[in-house]
Number of protein chains: 2
Amino acid sequence: MAKAPNEEQLATEWHELMGRFRRLLCSLDRELESKHGISASDFEVLQLLAEAPKGKLRLHELGEHAHLTQSALSRLVAKLESGGMVERFMCDDDRRSVFATITAAGRKRYVQARPTQRAVLRAEAQSV
Amino acid sequence: MAKAPNEEQLATEWHELMGRFRRLLCSLDRELESKHGISASDFEVLQLLAEAPKGKLRLHELGEHAHLTQSALSRLVAKLESGGMVERFMCDDDRRSVFATITAAGRKRYVQARPTQRAVLRAEAQSV
DNA sequence: CAAAAGTATATGCGTATACATCTAATGTTG
DNA sequence: CAACATTAGATGTATACGCATATACTTTTG
């Protein structure tokens, strides 16, 4: 990006970025939902957990990497738990904290959904 | 962007883009809401109308440029109308269509909000 | 060590959005 | 021109999110 693009240019870029972003997010949501029964946000969280050392992160750590507010993350993890893809349990070191761990079923779902997600990203990247 | 970036790279870029996008959209919403009482989406629609030839567009035309679904746009325009920033009236050529026009108050609000929006965009552009 | 401040998560509530469907108006076709 | 298809917009419904706050636990402080 240029050093000091004029403001109209910035505004136009933002408008276009917003368009691309929303289209891509919509595609992701639709493809992941229809083929794997998960949303794009679900996928992000599953991915973070699947890539974590032991498939295990405190919610607070998850929140630092997922692009969600604390409340949204709390509910999302609760939803994933009720879907059997994640489990929550107390952290003994600090009993305010809660660990989220990815289950075998969750990992399987993630592995299946991954090519779908990558394909959508690739398609969008090529269309630009 | 490279011709055939590998998939992990794409996924990482997407993750980062999502982060930047959400932060920016949140900043915009908060700044515009606190200083001018409008959301980022409100601003987008006001901008489209303010820049339209006669400050006048059919909802369907608005929808082609705003990054919103038809239903979201319909409600958004209704909200702007109840806030006195926009007016709706029938189109005589095609009585299914509805024109949205920006009012003097709406244009004033847009002009006031514009520097705020541009400042947020500029701040984000510089932080990258 | 008791009280106050801080931290991690959950939840009540309001709002924005998407999807599906409805209504009204227009176009098309036999 | 009557029946059907299409189009523009509105609305019922469900969901996801953010903000504010509540709850439970931990750390700091006097």
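Lettering follows sequence order; numbering is per chain, from 1.
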* Residue among B/Glu8, B/Glu13, B/Glu7 satisfying salt bridge (Lys or Arg N to Asp or Glu O under 4.0 Å) with A/Arg122 ->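 By the salt bridge (Lys or Arg N to Asp or Glu O under 4.0 Å) criterion, A/Arg122 pairs with just one of B/Glu8, B/Glu13, B/Glu7: B/Glu7.
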* Hey, could you give me each pair passing side-chain hydrogen bond (donor to acceptor under 3.5 Å, both in side chains) that has a residue in residues 48-59 of chain B? Not counting sequence neighbours. =>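 Residue pairs passing side-chain hydrogen bond (donor to acceptor under 3.5 Å, both in side chains), neighbours aside: B/Arg58-B/Ser97.
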* Who are the side-chain contact (heavy atoms from CB on, under 4.5 Å) partners of B/Thr69, not counting sequence neighbours? ->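 Residues passing side-chain contact (heavy atoms from CB on, under 4.5 Å) with B/Thr69: B/Ser71, B/Ala72.
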* Asked: Which residues satisfy the side-chain contact (heavy atoms from CB on, under 4.5 Å) test with A/Leu59, sequence neighbours excluded?
  ->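 Applying side-chain contact (heavy atoms from CB on, under 4.5 Å) to A/Leu59 gives A/Leu62, A/Val77, A/Val98, A/Ala100.
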For the pair made of [atom1] in [X] and [atom2] in [N], what is the distance, rounded to whole Å?
{"X": "A/Arg96", "N": "D/dT27", "atom1": "CZ", "atom2": "P", "answer": "6 Å"}
{"X": "B/Phe99", "N": "D/dA8", "atom1": "CZ", "atom2": "C1'", "answer": "12 Å"}
{"X": "A/Glu44", "N": "D/dC17", "atom1": "CD", "atom2": "C1'", "answer": "16 Å"}
{"X": "A/Asp94", "N": "D/dT27", "atom1": "CG", "atom2": "C1'", "answer": "10 Å"}

* To do: Mind checking salt bridge (Lys or Arg N to Asp or Glu O under 4.0 Å) for A/Lys35 and listing every partner two or more places apart, or none if nothing turns up?
  =>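 With sequence neighbours excluded, A/Lys35 shows a salt bridge (Lys or Arg N to Asp or Glu O under 4.0 Å) to A/Glu31, given in chain and number order.
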* Tell me, please, which residues at least two apart from B/Arg88 pass salt bridge (Lys or Arg N to Asp or Glu O under 4.0 Å). =>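 Applying salt bridge (Lys or Arg N to Asp or Glu O under 4.0 Å) to B/Arg88 gives B/Glu81.
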* 5' priority, DNA chain D, between B/Glu61 and A/His67 [closest heavy atom] ->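 With A/His67 and B/Glu61 compared, the 5'-side residue is B/Glu61.
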* Under 4.0 Å between any heavy atoms, over every strand shown, what does B/Asp29 touch: base, sugar-phosphate, or nothing? Just pick one. =>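 Touches nothing.
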* Reading 5' to 3' through nucleotides 10-16 of chain D, protein heavy-atom contacts under 4.0 Å coded B for base, S for sugar-phosphate only, - for none -> BBBB--S
* Please tell me which of A/Arg58 and B/Asp93 maps to the more 5' nucleotide of DNA chain C, matching each residue to the nucleotide holding its nearest heavy atom. =>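 Between the two, 5'-proximity favours A/Arg58.
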Side-chain donor-acceptor pairs under 3.5 Å in residues 37-47 of chain B, sequence neighbours left out?
from, atom 1, to, atom 2, distance (Å)
B/Ser39, OG, B/Ser41, N, 3.3
B/Ser39, OG, B/Asp42, N, 3.0
B/Ser39, OG, B/Asp42, OD1, 3.3
B/Ser39, OG, B/Asp42, OD2, 3.2
B/Asp42, OD1, B/Lys79, NZ, 3.0
B/Asp42, OD2, B/Ser39, N, 2.9
B/Asp42, OD2, B/Lys79, NZ, 3.1
B/Glu44, OE1, A/His15, NE2, 3.2
B/Gln47, OE1, B/Tyr110, OH, 3.2
B/Gln47, OE1, B/Arg118, NH1, 3.3
B/Gln47, OE1, B/Arg118, NH2, 3.3

* Interface limits on DNA chain C, where chain A has a heavy atom under 4.0 Å of a nucleotide atom ->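 Nucleotide range in contact with chain A: C/dG6 to C/dC19.
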* Please, which pairs that meet ring-ring contact (aromatic ring centres under 6.0 Å, His included) have at least one residue in residues 73-109 of chain A, sequence neighbours excluded? ->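 Applying ring-ring contact (aromatic ring centres under 6.0 Å, His included) to every pair that reaches into residues 73-109 of chain A, excluding sequence neighbours, yields nothing.
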